[in-house]
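Before any comments, here is the structure.
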Amino acid sequence: MSSDVTIILPDGSEKVIGPGGTGADLATQLGSRAANDALIAVANGTQLDLNQPLPDGASVSLVFPASEEGLEVLRHSTAHVLAQAVLALYPGATFSIGPPIEDGFYYDFDLPDGQTFNDDDLERISAKMKEIVGRKQPFIRNEIQREEADQLFADHPYKLEILDGEADDPTSSPQGGVITTYRNTDEFVDLCRGPHVPDTGYLGHFKLMRVAGAYWRGDETRQMLQRIYGTAWSSKKELKAHLERLEEAAKRDHRKLATELDLLSFPTELGGGLAVWHPKGATVRKIMEDYSRQRHEEGGYEFVYTPHLANERLFQTSGHLDFYADGMYPPMEMDNGTYYLKPMNCPMHCLIFAHGQRSYKELPLRLFELGTVYRYERSGTLHGLMRIRGFTQDDSHLYVAPDQLADEIASLLDFVLSVLRAFGFDEFTFNLSTKNPEKYVGSDDIWDEATDALREALDRHGLEYVVKDADAAFYGPKIDIDVKDAIGRSWQLSTIQCDFNLPERFDLHYVAADGERHRPIMLHRALFGSIERFFGVLIEHYGGAFPTWLSPMQVQVLGVRADHDTFASQVVERLKAQGFRAEMVEADNPLGSRIRRGKLEKLPYILVVGDTDVENDTAGVNPRGGEVERDVPISEFIERVKSEVEAKETTPRVG
RNA sequence: GCCGGUGUAGCUCAGUGGUAGAGCAGCUGUUUUGUAAACAGCAGGUCGUGGGUUCAAUUCCUAUCACCGGCUCCA
């Protein structure tokens, strides 16, 4: 019955391998490199261990460590080694799930008597893992019956829950009723779908990163497990490069840079998640806000202001107290009622719309406010400027007639992207979130219409987007816009949301051409999202080196000697008269030292003036990231930087 | 909120059961400097906060606040 097996390689060629031929056999035939490096085989789209037989006639490819798929296998296998090490070192420990993730893997454990891991444990565990890797233990796949599985995992209740189907784990839940395990030694076996690398010797370029608590099945009412995160790569070089990327990201950390550059701080006296803006940070913020106002003015928005507090009746009407009371600050009892800090601006904007009779001729009505809101974020979720309790939204609410919806969304998209581009972002991702059938208000028709309008706007702009099914808020579908930063990280910033709920709740209407009252549709739109968060993203995007138009200090002027200080301050006055942010630095320290300070401040320009400059009305121009240029006429420098600022260029002009 | 960690000068950090130290920054002098660190001196901290143990606590315990890494949540 055993006959040769023929398989088809990715290039279309056929290959005959012996009876019961495996991926390993194929790899051997393909050459020594393949034989040494291949991790798994993929036959007709199904991943197989290298020692599993290949089906006759299958299209087969081998997976190598350098590929995404290969890395996933490496990481998954490394997670097993982690589990083996932990179970060996901590008697009584049990394990739950351990999948590969971006850049690495994790495994969740439960230690007896509520014990926890610390950094020293990570060292120990890591050493044990290296030992296991050195032993080149094979990963042996077995298909077993439930009885046997129950026996094998009798001491591991989380595995039993997975076997029972109560917990779903994509890497180990039985598939099609087949229970598979991977055994490395007599002592260590894990419930797992695989596939895995042939033996642990294929692993080793890993690092255990941190330990963290994680709820079993991601459910905060359940047991908190001890999760160990690690990173794993196909080579030492890759591992090193990854660790360097982490260092690069750490250098850009907005919390660190905000302190170093004296932009803002989070005084403990204020309480968690509340920031104060120092003059330099406030300068950048003001420029951001001024630009935003200018654009909104040009874009046909009307500016409004609303208070920070409101009577509870407002939030009953808006539904916030029903849906989001947990996220609001506790009520304040006052002599004439109960008041709340506002978590959103929209209810107040609805009051403005509701004031007086609205005509269809006023639509679309675009209300805009830099509105400060307060949300009670749980203490453990706070994170610098990215997650904060008091923040200001660049919030706008657009009230449109139903037949205006598509056009309004399309022009809104233009508007948003144009403003984001001005801040130096040019790579976007769009997410379209659709109705959650479990949780929504409004008729199906209007949901379809609004979703189509959002989709059409994206299509009209030729933008690709990801549909996130059932991810919409209860009140309407939305488009979220993510930007990519300078080192490739994604940040969710802008959002355009349709809302059929609030116009109902506030009984908003306008009189149309037919003389009848109609219900407007409302669009929520945040562009920066929160000013605080957007600023944080800007800091990280630019690594603190703001473009000249945003930089809190644009030019420092340094005299070579003290007797040049007078000329230096004259230059500063001329720069200021032209609207630049400039300052003179007295020659009380060596020039090199003063330059260094300016560089550490990441200033766009440092001007040095000496004898010849005083004589010729010139300066030596030292731009951030460029070469020094001597004898530049002051007037020329002014014109140069002026056009740079107007164009909102992202790096200082050089030469 | 939950798990783990951290909190010492403006910043970055060392250190100890016997009431604390460095570098940078600051101030004062001296130096007069052509593109990333001149020299000297001075000043600066109730060691996050409250309670406890102790003859004695910054150090040990405890509570609390804040921050860091995750989990959960995010209108």
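The basis for the numbers below is simple: all heavy atoms, side chains too, and nothing from hydrogens, waters or symmetry mates. A note on names: the letters A, B, ... follow the listed sequences, proteins ahead of strands, and every chain is numbered from 1.
In this structure, A:Phe323 places its CZ atom 14 Å from P of B:C74, rounding to the nearest Å. Protein atom CD of A:Gln556 is 17 Å distant from nucleotide atom P of B:U35, rounded to whole Å. At whole-Å resolution of the value, CZ in A:Phe567 and C1' in B:U33 are 18 Å apart. Distance, A:Arg227 CZ to B:C2 C1': 13 Å, rounded to whole Å. With rounding to whole Å, A:Asp219 atom CG is found 14 Å from B:G1 atom C1'. Rounding to whole angstrom units, CG of residue A:Asp108 and C1' of B:G4 are separated by 14 Å.
The partner of B:U28, taking Watson-Crick or G-U wobble pairs whose two distances both stay under 3.5 Å, is B:A40. Taking a pair to require two hydrogen-bonding distances under 3.5 Å in either a Watson-Crick or a G-U wobble arrangement, B:G7 pairs with B:C65. Pairing for B:C71 is with B:G1, a Watson-Crick or G-U wobble pair whose two hydrogen-bonding atom distances lie under 3.5 Å. Base pairing of B:U54: no nucleotide in any strand meets the Watson-Crick or G-U wobble criterion (both distances under 3.5 Å).
Applying the ring-ring contact (aromatic ring centres under 6.0 Å, His included) criterion to A:Phe353, with sequence neighbours excluded, gives A:Tyr399.
Between the side chains of A:His349 and A:Thr306, no donor-acceptor pair is found at a separation under 3.5 Å. Using a 3.5 Å distance cut-off with no hydrogens or angles, the side chains of A:Asp611 and A:His564 do pair a donor with an acceptor.
Contacts between residues 606-618 of chain A and RNA chain B, counted as heavy-atom distances below 4.0 Å, involve A:Val608, A:Gly610, A:Asp611, A:Thr612, A:Asp613. Heavy-atom distances under 4.0 Å link RNA chain B to A:Thr116 of residues 113-127 of chain A, given in residue order.
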With 3.5 Å as the limit, what N/O pairs link the protein to nucleotides 42-46 of chain B?
none

Under 3.5 Å, which N/O atoms of the protein pair with N/O atoms of nucleotides 36-40 of chain B?
from	atom 1	to	atom 2	distance (Å)
B:A37	N7	A:Arg596	NE	3.2
B:A37	N7	A:Arg596	NH2	3.4
B:A37	N6	A:Arg596	NH2	2.6
B:A37	N1	A:Arg596	NH1	3.3
B:A37	N3	A:Arg596	NH1	3.4
B:A38	N7	A:Asn589	OD1	3.1

Under 3.5 Å, N/O pairs linking protein and nucleotides 65-69 of chain B:
from	atom 1	to	atom 2	distance (Å)
B:A66	OP1	A:Gly272	N	3.4
B:C67	OP1	A:Gly273	N	3.2
B:C68	OP1	A:Arg255	NH1	2.8
B:G69	OP1	A:Arg255	NH1	3.4
B:G69	OP1	A:Arg255	NH2	2.8
B:G69	OP2	A:Arg255	NH1	3.1
B:G69	OP2	A:His383	ND1	3.4
B:G69	O2'	A:Arg210	NE	2.5

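Residue A:Gly218 is in sugar-phosphate contact alone, with no base atom involved, counting any heavy-atom pair closer than 4.0 Å across all strands shown. A:Glu260 comes within 4.0 angstrom of no nucleic acid atom, judged by non-hydrogen atoms across all strands. Contact annotation for A:Phe474: no contact, since no heavy-atom pair falls under 4.0 Å across all strands.
When each of A:Lys251, A:Arg252, A:Arg489, A:Arg533 is checked for a salt bridge (Lys or Arg N to Asp or Glu O under 4.0 Å) with A:Glu540, only A:Arg489 meets the rule. A side chain to side chain contact (heavy atoms under 4.5 Å, CB included) with A:Leu225 is found for one member of A:Thr94, A:Asp110, A:Ile97, A:Leu111 and no other, namely A:Asp110. Remark: of the listed residues A:Phe534, A:Trp491, A:Phe391, A:Phe534 is the sole one forming a ring-ring contact (aromatic ring centres under 6.0 Å, His included) with A:Phe528.
Geometric assessment of A:Lys159 against the ring of A:Phe95 yields a positive cation-pi assignment under the 6.0 Å and 45° thresholds. Judged by the 6.0 Å and 45° rule, A:Arg124 forms a cation-pi pair with A:Tyr90.
The base of B:G70 lies outside donor-acceptor range of the side chain of A:Tyr106, with no N or O pair under 3.5 Å.
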